[in-house]
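Heads up: the structure comes next, in structure tokens.
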Amino acid sequence: MARKASLSGFPEWLPNERLVELHVLDSLRRSFELHGFSNIETRAVETVGQLLRKGEIDKEVYGLSRLQNDDGEAAGTDPHALALHFDLTVPFARYVVENAGHLAFPFRRYQIQKVWRGERPQDGRFREFTQADIDVVGDGALPFRYDVELALVIADALSALPIGDFTVRVNNRKLAEGFYLGLGIEDTAGVLRNIDKLEKIGPERVAEALVNEIGTTEEQARAALALASIRTADTSFVEQVRALGVEHELLETGLTELAEVIDVATRRAPGQVVADLSIARGLDYYTGTVYETVLVGHEKLGSICSGGRYESLASKGNRVFPGVGLSIGVSRLVSRMLSDGGLKASRDVPSAVLVALNDDDSWYPAQDVAAALRARGIAVEVAARAEKFGKQIRYADRRGIPYVWFTSAEGTHEVKDIRSGEQVVADPHAWTPPAEDQHPGISAS
RNA sequence: GUGGGUAUAGCUCAGUUGGCAGAGCGUCUGGUUGUGGUCCAGAAGGUCGCGGGUUCAAGCCCCGUUACUCACCCCA
């Protein structure tokens, strides 16, 4: 964890840290809009019935109630009770159904909001955190091509962030399920759940669990592990899967789909997207493509961006709205970048200039100087008291404000770059700091 | 929800076999007649998480409790 919070799992950043987070949010917004995604915001609460519609009962959902009930009864399992959303995909599905008449399909949207999960907090795991989602939802059908496009959008968005190298790992549920069915395994979800732990507990213990808990034969377990061990940066995984000699119609569909994603990605986002047949994903509403993203060198942090294809998350009568989407864990990403990545804003405040005061009467003319600078988009604050210049300069220094503005009694102006000590004559209506000093910059220390 | 670890100054942490509460960093003041950082001198700052017990004496030992933290679970 980057910093101790007063309430565990509810991170609060210092101004400098928040600047880093804002930089990330601004960058994501720019990337998503460059790809034509519209923004929406949904309410923080949904009905319990909505949230648990897909049987996510094990999600630790925060309920919402007044401190004092009219009748003093607990909300319990009343589906009309309110609760905080635990992700943005489920509320989005509800939003699409409710507003279907006003939306043009396929509808591409991004959504950046807080979500809440009643989990035990740990490094990189919070109870209140920000997610940045992109999804495309179709009316009735959604071309598979969007599964390919979203991988590229997310690779583009993550590339624009100062987070180092990352790998988007892609798999396909149809591929895995078809393979297991072809092996004669019925509890495909159980196998997936255990395969998901492969990286954490190793192949031997996964094999044990498959035999003992899921009831597969040793042979089936070995085959499932062989499939999960396949990881390629190109479409050669297809031959590797075929070499295992399992046949099933669903498997063929999955192979074709995954191959298309990887084929395009190797050309448009080389080295950033790989086929990884061990990726399973916990959420059970995914039906095809699934994505997970890890930071190179921070694999233990877990996925910082996950998602997939869902065929029937939203439906209205006999209309269904299939979708595909990805969610970036902004809080997880930012907290790790602050603690281990050494990411820091160049100053703690937006101000680029501090206007110093000669005496208390010079506060008014100082405001004129500040207004002239602000008119050109330069962030300025005026000193509050006519302290010794040393003190006023130190005020700027402590906050990282790069420039201090002096006005003499005769009305001549000078501006000092307190990093270099260089001080030059300047005109409040013309002087502009270098572009890199206009706004706080974000860099790794 | 289950199990382990930790809790002392604003921050990071020392504190011996139980014997007067400590350091570094940070903050503030001064080193004078208005230009910071370095350097020197000085100062402020603590219910030792909380409650109880043992003891002449508890930051230290015992019991309870709360919070934080790590692992499991699950996930961004």
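Side chains included, hydrogens not; waters and symmetry mates left out as well; all remaining heavy atoms used.
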Please determine whether a side-chain nitrogen of the Lys or Arg among [X] and [Y] lies less than 4.0 Å from a carboxylate oxygen of the Asp or Glu.
| X | Y | answer |
| --- | --- | --- |
| A:E208 | A:R205 | no |
| A:R385 | A:D360 | no |
| A:D348 | A:R398 | no |
| A:R173 | A:E311 | no |
| A:D276 | A:R231 | yes |
| A:R94 | A:E98 | yes |

For the base of B:A76 and the side-chain ring of A:F129, does the geometry meet a stacking cutoff of under 5.5 Å between centres and under 30° between planes?
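A:F129 ring centre within cut-off of B:A76 base, planes near parallel; stacks.
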Assign [X] to base, sugar-phosphate, or nothing according to its heavy-atom contacts below 4.0 angstrom with the strands shown.
| X | result |
| --- | --- |
| A:G302 | nothing |
| A:Y395 | nothing |
| A:I418 | base |
| A:A386 | base |
| A:L357 | base |

If you assign each of A:T293 and A:G421 to its closest nucleotide in RNA chain B, which residue comes earlier from the 5' end?
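That would be A:G421.
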What interatomic distance, in whole Å, is found between [atom1] of [M] and the corresponding atom of [N]?
| N | M | atom1 | value |
| --- | --- | --- | --- |
| B:G15 | B:U69 | C1' | 23 Å |
| B:G26 | B:G49 | P | 26 Å |
| B:C62 | B:G5 | P | 12 Å |
| B:C13 | B:A71 | C1' | 25 Å |
| B:A9 | B:C63 | P | 25 Å |
| B:U8 | B:C48 | P | 11 Å |
| B:U27 | B:U17 | P | 37 Å |
| B:U55 | B:G18 | P | 16 Å |

When you measure from the side chain of [X], which nucleotide among [options] comes out closest?
| X | options | answer |
| --- | --- | --- |
| A:L7 | B:U35, B:U69, B:C68 | B:C68 |
| A:R127 | B:U35, B:G37, B:C68 | B:C68 |
| A:S8 | B:U69, B:U35, B:A76 | B:U69 |
| A:K416 | B:A76, B:C74, B:U35 | B:U35 |

Assess whether atom [atom1] of [X] is packed by more than 12 heavy atoms of other residues, nucleotides or ligands within 6.0 Å.
| X | atom1 | result |
| --- | --- | --- |
| A:E436 | CD | yes |
| A:R29 | CZ | no |
| A:R145 | CZ | no |

Rounded to whole angstroms, how far apart are [atom1] on [X] and [atom2] on [N]?
| X | N | atom1 | atom2 | result |
| --- | --- | --- | --- | --- |
| A:Q423 | B:G36 | CD | P | 11 Å |
| A:E119 | B:U69 | CD | P | 14 Å |
| A:R332 | B:C74 | CZ | C1' | 11 Å |
| A:D123 | B:C70 | CG | C1' | 10 Å |
| A:R205 | B:A71 | CZ | P | 15 Å |
| A:K300 | B:C70 | NZ | P | 11 Å |
| A:Y286 | B:C75 | OH | P | 10 Å |
| A:N358 | B:U35 | CG | P | 12 Å |

Is A:Q122 near enough to B:A71 that one of its side-chain N or O atoms lies under 4.0 angstrom from OP1 or OP2?
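Answer yes for this pair, as a side-chain N or O of A:Q122 is under 4.0 Å from OP1 or OP2.
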Tell which nucleotide pairs with [N], taking only Watson-Crick or G-U wobble pairs whose two distances are both under 3.5 angstrom.
| N | answer |
| --- | --- |
| B:C75 | none |
| B:U54 | none |
| B:C13 | B:G22 |
| B:G42 | B:C28 |
| B:A67 | B:U6 |

Side-chain donor or acceptor of [X] under 3.5 Å from a matching atom on the base of [N]?
| X | N | answer |
| --- | --- | --- |
| A:E292 | B:A76 | no |
| A:R120 | B:C75 | no |
| A:R125 | B:C74 | yes |

Pair A:F406 and A:F389, ring centroids less than 6.0 Å apart:
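Close enough - the centres of the two rings lie under 6.0 Å apart.
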Any N/O pairs under 3.5 Å between the protein and nucleotides 26-30 of chain B? List them or say none.
residue	atom	partner	partner atom	Å
B:U27	OP1	A:R398	NE	3.4
B:U27	OP1	A:R398	NH1	2.9
B:C28	OP2	A:R398	NH1	3.3
B:U29	OP1	A:K391	NZ	3.4

